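Single-structure report; data block below.
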Amino acid sequence: MRSMLTGGELDVLTGDYLAELTMLILGRDRLKDPGAGYARTFLRQLEECLGLAHERGVRIVANAGGLNPAGLADAVRKLADRLGVPVRVAHVEGDDLTASHPGSLAAHAYLGGFGIAACLREGADIVVTGRVTDAALVMGPAAAHFGWGPGEYDRLAGAVVAGHVLECGAQATGGNYAFFHASRHDHGGDLRRPGFPLAELHEDGACVITKHPGTGGFVDVGTVTAQLLYETAGARYAGPDVTARLDTVRLTQDAPDRVRIEGVRGEAPPPTLKVGVNRLGGFRNEVAFVLTGLDIEAKAALVREQMTDALAKSPPAEVRWDLVRTDRPDAPTEEMASALLRLVVRDTDQAVVGRALSGAAVELALASYPGFHVLAPPGKGSPYGVFEDVYVPHGAVDHVAVLHDGRRVPVPPAHDTVVLDEVPDTLHEVPDALHEIPDVPGELPEPPEPQPLPPGPTKRAALGLVAGARSGDKGGNANVGVWVRTDDAWRWLAHELTVDRFRQLIPESGELKVTRHTLPNLRALNFVVEGILGEGVAAQHRFDPQAKALGEWLRSRHLDVPETLL
């Protein structure tokens with residue numbers, strides 16, 4: 001917060017504090033203390049920076065209110081009074097639908113940006129919200145500043161795209177970037193401490209993504225492309241206020257660390273709001289057995305049989321074994337000679353996954369395979385959460401802007417909505433017609449593929465030598481965005497990386513539904529893998545429960561790459 005306030009000019013400082021897992025954590029906090037439920041780190045940052053923001057005339061908009069935006073607003077007022085800083089604090093509420101979802105720990109609708117806009121138009125210096133869309137933190141201030149109304153879809157969509165680029169901070173300035181190694185040479189940016197991105201927004205919805213002068217990292221078409229693909233799916237990026245068309249985005253490198261985003265088209269939002277429902281799924285425990293040297297498979301089989309017998313009296317509801325072959329033959333270190341056998345158990349009864357598991361594992365210490373040891377003894381079992389998304393009509397929420405003077409301003413739901421499953425037949429007849437999108441609803445057909453590269457010699461090589469990737473989670477699904485940096489590479493990628501090829505490279509997706517979306521303007525493909533994360537990140541279904549490195553795994557896989565691209 002301090003670096004953004006001191007590094008250069010700024011009108012509005014936004015902060016995104018909420019993720020699916022965060023909402024679960026805040027829900028557990030609220031069980032212990034009804035006055036909790038918001039991100040306390042925001043208050044600690046604000047204590048240091050509130051006076052600075054006031055002096056510089058910078059407004060602050062953050063979703064740190066979590067499950068209790070009114071409570072955070074009161075806490076900010078008390079902090080301001082103690083510091084002697086005169087600020088007007090407003091908040092947005094109406095997202096909490098927990099009462100209508102029995103058995104949930106937290107159920108919150110994703111609200112749009114017009115509640116934020118109402119607070120800012122009435123003079124708020126600080127606006128805190130609960131569960132709004134990440135992009136609403138940018139769209140709301142833009143709508144307030146430029147006077148945009150609910151129907152100005154192209155302008156709103158441009159701000160939503162800008163908000164999506166900014167929402168994950170340094171991921172737009174070189175953080176977590178696939179080509180980080182080459183970029184150190186190309187850009188010279190200090191990747192040890194990337195700066196944070198900012199957007200210069202224009203009245204027509206266009207923007208420039210940049211960063212404060214002298215900060216680390218870099219901004220180029222690649223970093224912006226990577227973030228545009230992060231946790232999205234197809235061409236339509238639907239939200240409560242507008243559906244942004246990602247297939248219309250045009251990126252231009254205006255200057256070093258300056259990428260222009262323009263041409264974004266918008267459509268009416270869908271008639272429903274997404275609701276993130278978090279509930280406690282039960283209790284989870286795990287133990288990792290270390291298997292060293294020879295006979296790895298036999299050692300794994302022995303301890304698995306022993307543990308199965310030990311747990312037979314009260315077997316957990318779910319048992320999962322994974323043998324991770326990290327071992328190498330004739331290894332120079334013991335660690336490199338070792339494999340891991342992970343046992344994960346789940347049950348609604350904590351005792352079944354707690355003492356029963358820890359006792360069984362420890363009692364085998366002198367009576368199992370040679371070299372028996374574990375990474376850490378299992379504990380008593382910890383609660384895990386389950387996330388799902390459901391949808392409700394816009395009218396099911398009471399979206400309200402609570403102003404700094406206590407007035408409550410209702411925020412009306414979207415008047416015009418579009419169901420996204422009606423397919424237009426005429427769209428994408430030619431790629432050049434992307435800027436002439438008719439005002440029609442529906443799921444979009446895939447655009448035409450480019451002409452394939454002419455035949456030529458190939459070399460077995462890693463996909464990542466040609467393509468970048470970024471992956472992430474949405475509930476139990478994962479997306480993997482893959483992009484390339486040249487037209488020739490795009491001609492190859494569009495034909496080579498089919499759904500079938502993706503399944504071959506990522507065998508874990510073999511039995512799951514995989515959908516490929518094509519975004520020619522970005523030279524990108526976006527794959528959505530349904531169910532690969534089970535019941536969401538909090539359930540810790542797999543080794544990488546948020547699929548953060550799924551894209552890097554894909555880039556490491558080998559296939560036949562044209563030598564002209566290497």
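As a basis for the values below, the full set of heavy atoms in this structure was taken, side chains included, without hydrogen atoms, waters or symmetry mates. Being a predicted model, the structure only gives us computed values, none of them experimental.
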Enclosure of Phe196 CZ (heavy-atom neighbours >12, cutoff 6.0 Å) |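 For Phe196, atom CZ is not crowded (no more than 12 foreign heavy atoms under 6.0 Å).
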Residues, nucleotides or ligands: over 12 heavy atoms within 6.0 Å of Arg325 CZ =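 For Arg325, atom CZ is crowded (more than 12 foreign heavy atoms under 6.0 Å).
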Sequence-distant partners of [X], side-chain hydrogen bond (donor to acceptor under 3.5 Å, both in side chains), two or more places apart:
| X | result |
| --- | --- |
| Lys548 | Tyr230 |
| Glu552 | Arg555 |
| Asp560 | Arg460 |

Tell me, do [X] and [Y] make a side-chain contact under 4.5 Å, heavy atoms counted?
| X | Y | value |
| --- | --- | --- |
| Val466 | Leu493 | no |
| Phe289 | Lys299 | no |
| Leu341 | Asp322 | no |
| Ser338 | Leu291 | no |
| Glu535 | Glu388 | no |
| Gln227 | Glu167 | yes |
| Ile261 | Val224 | yes |

Carefully, step by step, assess Arg542 and Glu508 under the rule salt bridge (Lys or Arg N to Asp or Glu O under 4.0 Å).
-> CA-CA 10 Å; Arg542 66 190 295 272; Glu508 193 177 349; 2.8 Å; yes
Can you name the nearest heavy-atom pair linking [X] to [Y], along with the distance?
| X | Y | value |
| --- | --- | --- |
| Val242 | Gly266 | CG2-CA, 4.0 Å |
| Trp492 | Pro562 | NE1-CD, 3.2 Å |
| Leu166 | Ile209 | CD2-CD1, 4.3 Å |
| Ala233 | Val528 | CB-CG2, 3.7 Å |
| Asn63 | Tyr17 | OD1-N, 2.6 Å |
| Ala547 | Ala478 | CB-CB, 3.6 Å |

Pairs meeting criterion ring pair (Phe, Tyr, Trp, His ring centres under 6.0 Å) with involvement of residues 519-566, two or more places apart | Phe502-Phe527
Does the pair Asp220 and Tyr177 meet the rule for a side chain to side chain contact (heavy atoms under 4.5 Å, CB included), with working shown?
-> CA-CA 11 Å; Asp220 70 6; Tyr177 185 54; 4.1 Å; yes
Which side chain to side chain donor-acceptor pair (under 3.5 Å) pairs, counting each pair once, include a residue from residues 269-278, with sequence neighbours left out?
->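 Output for this query is empty, none listed.
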Can you name the one residue among Asp16, Asp95, Leu137, Leu18 that meets side-chain contact (heavy atoms from CB on, under 4.5 Å) with Val132?
->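 Looking at Asp16, Asp95, Leu137, Leu18, the match for Val132 under the side-chain contact (heavy atoms from CB on, under 4.5 Å) is Leu137.
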Can any side-chain N or O of [X] pair as donor or acceptor with the backbone N or O of [Y] at less than 3.5 Å?
| X | Y | answer |
| --- | --- | --- |
| Thr98 | Ala107 | yes |
| Arg503 | Ser509 | yes |
| Gln253 | Val219 | yes |
| Arg491 | Gln451 | yes |
| Arg557 | Leu505 | yes |
| Thr486 | Ala489 | yes |
| Glu20 | Gly475 | yes |
| Thr248 | Arg265 | yes |
| Arg470 | Gly481 | no |
| Ser471 | Val480 | no |

What's the spacing between [X] [atom1] and [Y] [atom2] if we round to 0.5 Å?
| X | Y | atom1 | atom2 | result |
| --- | --- | --- | --- | --- |
| Arg284 | Asp347 | CZ | CG | 14.0 Å |
| Asp134 | Met139 | CG | CE | 13.5 Å |
| Thr243 | Leu156 | OG1 | CG | 11.0 Å |
| Ile25 | Leu105 | CD1 | CG | 11.0 Å |
| Glu511 | Ile532 | CD | CD1 | 12.5 Å |
| His164 | Thr133 | NE2 | OG1 | 11.0 Å |

Decide whether Glu449 and His495 meet the rule of one side-chain donor and one side-chain acceptor closer than 3.5 Å.
-> yes
Check the side chains of Glu530 and Asn477 for a donor-acceptor pair under 3.5 angstrom, ignoring hydrogens and angles.
->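 Per modelled atom types, Asn477 and Glu530 side chains form no pair under 3.5 Å.
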Set of ring-ring contact (aromatic ring centres under 6.0 Å, His included) partners for [X], sequence neighbours left out:
| X | answer |
| --- | --- |
| Phe114 | none |
| His108 | none |
| Tyr153 | none |

Given the rule in the side chain to side chain contact (heavy atoms under 4.5 Å, CB included) test, do Leu465 and Leu463 qualify, once you have shown the distances and angles that lead to the verdict?
-> CA-CA 5 Å; Leu465 296 179; Leu463 173 64; over 6 Å; no
List in chain and number order the residues that pass salt bridge (Lys or Arg N to Asp or Glu O under 4.0 Å) with [X], two or more places apart in sequence or in another chain; answer none if no residue qualifies.
| X | result |
| --- | --- |
| Glu318 | Arg346 |
| Glu305 | none |
| Glu563 | none |

Considering residues at least two apart in sequence or located in another chain, which fulfil the side chain to side chain contact (heavy atoms under 4.5 Å, CB included) criterion with Asn526?
->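 Asn526 satisfies side chain to side chain contact (heavy atoms under 4.5 Å, CB included) with Leu229, Thr232, Asn479, His517 only.
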Full working for side chain to side chain contact (heavy atoms under 4.5 Å, CB included) between Val264 and Asp154 | CA-CA 6 Å; Val264 184; Asp154 290 348; over 6 Å; no
Are Ile506 and Leu554 close enough, and set up right, to give a side chain to side chain contact (heavy atoms under 4.5 Å, CB included), and what steps lead you there?
-> CA-CA 7 Å; Ile506 306 295; Leu554 177 66; 3.9 Å; yes
